[in-house]
Amino acid sequence: MRERARRKQAMQAALRAGAEALLVTHAPDVRYLSGFTGSSGAVALAGGRAALFTDGRYTTQAKAEVNGLRLVIDKRSPGVQAVEWLAAAGVKKCAFDAAQTSVAALELMKKAVNQALKAVPAPMRRSFFVATDGLVARIRQVKDEDEIVRMRKAAAVGCGLFSAVLQYLIPGVGETQVAAQLEFMARLAGVEAMSFETIVASGERSALPHGRATAAKLPAQGFVTLDFGVLLGGYCSDMTRTVHLGRPSEREWDVYHSVLEAQEAAIAAVSPGVRCSEVDEAARSVLRKAGLEKEFSHSTGHGVGLEIHEGPRIAARQEQVLEPGMVITIEPGAYLSSGAALKARRPGSRTKKGHPVAKAFGVRIEDMVLVTKSGHELLTAASPKDWIEL
């Protein structure tokens, strides 16, 4: 029933785009509309009819997962099968997601349309495909209750993993070893996979916003940034925590708490009806006052769901309005070169006498936030963000 309602909503969006049918080939969108979790499939919608196309590898799986759609199994490309079915149904204009369709795939489907509609004048064949951008993805931005339950569970697993991995953050241990241990524990916890490549960035490498885990050893003194997520029930989690090994410098202490203040300010700004740019500015204004605006080099957050990066985008000049049911990340950071790390601390920052001077370092703190009818809910609240010194 859930997928049927989603298909109706997607078909209405296609009609508004000037099409009478919809072709969906992007795997997360296919799953969202049909329940099918295979890696090769297409959904076609037209005139109240719906069909799923896949190949023989997924016969048993598709029969178990899909209800309410016609199921077509063929060795050919699912997209080709789907457009042939649509052409045979008399469709003249079909919407597709241009952002998720390769040039090669589109050419194959155009050839199939030309062959199936060879009796139709060429101009009509050329106008068969109506390009859209993220038509289903936009619908997916607002989660239903079942999706929210799954995302709460995924977020809770992530929080537990962070607490468990702290014991492995020992100077001299390799970043890849930490990542491997975290991912091993995730598998033992029952997750399907990690939702993206685990980031473990330590010491000067913490100044890399996307510092993938390497053979580098954890330092005796410095930050360790852990950015990871799990896939559970098809839905992603995403969180980042930054901890410190050894005694921090004044600059490290100050920057960490500035980022934490910025993150909490942005979370407080999350509410239905608020523009994404306003949430971004809530974080950015705090870092601007701290003299760290130039060290914040990415957007404040993004949507999460069946994919790790979805809409909406929480960034400057993003005028999209938050709606109840959206799940977003809030993840400001500051990434300092060795020169920036040596700058004088801001007035009023905490002094720690005798602590070492910082080299290059970075700090990022990230939570998953659900937009509710009256405000927001922090999905990763079980994981502490206060200063952790190991």
Side-chain angles (χ1 to χ4, degrees), residues 1-55 58 62 65-74 76-117 120 123-144 147 234 303 305-307 310-311:
M1 291 295 293
R2 182 174 60 247
E3 286 83 10
R4 183 177 291 110
R6 293 171 179 173
R7 291 193 295 271
K8 181 178 179 180
Q9 192 175 4
M11 193 62 241
Q12 290 171 343
L15 291 170
R16 289 194 296 271
E20 58 189 300
L22 175 63
L23 170 65
V24 176
T25 57
H26 184 46
D29 292 343
V30 170
R31 177 174 185 159
Y32 185 75
L33 296 179
S34 70
F36 178 62
T37 64
S39 63
S40 177
V43 168
L45 308 177
R49 301 169 62 193
L52 171 74
F53 302 84
T54 187
D55 60 66
Y58 298 106
E65 294 178 338
V66 176
N67 288 299
L69 292 86
R70 178 182 177 183
L71 180 59
V72 180
I73 307 294
D74 194 294
R76 295 173 302 153
S77 157
V80 168
Q81 298 177 53
V83 295
E84 289 179 347
W85 182 77
L86 290 168
V91 169
K92 299 296 189 295
K93 287 187 178 294
C94 174
F96 76 103
D97 191 344
Q100 298 294 345
T101 305
S102 69
V103 172
L106 183 58
E107 286 303 312
L108 281 176
M109 293 189 294
K110 284 181 176 179
K111 288 180 180 178
V113 168
N114 283 331
Q115 182 62 30
L117 300 177
V120 174
M124 294 182 64
R125 296 199 301 270
R126 287 195 293 269
S127 65
F128 181 86
F129 289 104
V130 178
T132 65
D133 184 2
L135 185 149
V136 178
R138 283 193 295 276
I139 298 171
R140 283 172 36 211
Q141 290 182 18
V142 176
K143 275 63 180 178
D144 60 32
E147 292 177 293
L306 286 170
E307 295 181 277
E310 300 183 349

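For clarity, every value in this text was computed on a predicted model and none was experimentally measured.
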Begin with the C-alpha distance, continue with both residues' side-chain angles, and end with the deciding distance and a verdict on side-chain contact (heavy atoms from CB on, under 4.5 Å) for Thr25 and Thr101. CA-CA 8 Å; Thr25 57; Thr101 305; 4.2 Å; yes
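Here the closest non-hydrogen pair linking Arg7 and Ala50 is NE-CB, 3.9 Å. For Ala10 against Leu135, the heavy-atom pair with the smallest separation is O-CD2, 3.7 Å. Listed here is the closest heavy atom pair of Ala46 and Leu86: CB-CD2, 3.7 Å. Scanning both residues, Met109 and Val83, for their nearest heavy atoms gives O-CG2, 3.9 Å. Taking each heavy atom of Ala42 and Leu23 in turn, the nearest pair found is CB-CD1, 4.3 Å. Taking every heavy atom of both residues into account, Ser34 and Val43 meet most closely at CB-CG2, 4.0 Å.
Side-chain contact between Lys111 and Gln115 is absent, with no heavy-atom pair separated by less than 4.5 Å. For the pair Tyr32/Ile139, a side-chain contact is recorded, criterion being any heavy-atom separation below 4.5 Å from C-beta on. Contact annotation: the side chain of Leu106 approaches that of Phe96 to within less than 4.5 Å [non-hydrogen atoms, C-beta and beyond]. Inter-residue side-chain proximity for Arg140 and Leu306 is flagged as met; some heavy-atom pair is nearer than 4.5 Å. When side chains are defined from C-beta on, Tyr58 does not count as touching Ile73, because their heavy atoms never get closer than 4.5 Å. Looking at heavy atoms from C-beta onward, Glu65 lies in side-chain contact with Thr37 at the 4.5 angstrom threshold.
Checking side-chain atoms of Glu84 against main-chain N and O of Gln81 turns up no donor-acceptor pair under 3.5 Å. The backbone N or O of Gly303 lies less than 3.5 Å from no partner atom in the side chain of Gln141, so there is not a single donor-acceptor pair. Judged purely by atom type and a 3.5 angstrom limit, Lys93 has no side-chain atom pairing as donor or acceptor with the backbone of Val91.
To the nearest 0.5 Å, atoms OG (Ser40) and CG (Asp55) are separated by 4.5 Å.
For Glu3, the side-chain hydrogen bond (donor to acceptor under 3.5 Å, both in side chains) test picks out no residue, with sequence neighbours left out.
Atom CZ of Arg70 has 12 or fewer neighbouring heavy atoms from other residues, nucleotides or ligands inside a 6.0 Å radius.
The residue from Val30, Val72, Leu33 that alone fulfils the side-chain contact (heavy atoms from CB on, under 4.5 Å) condition with Leu52 is Val30.
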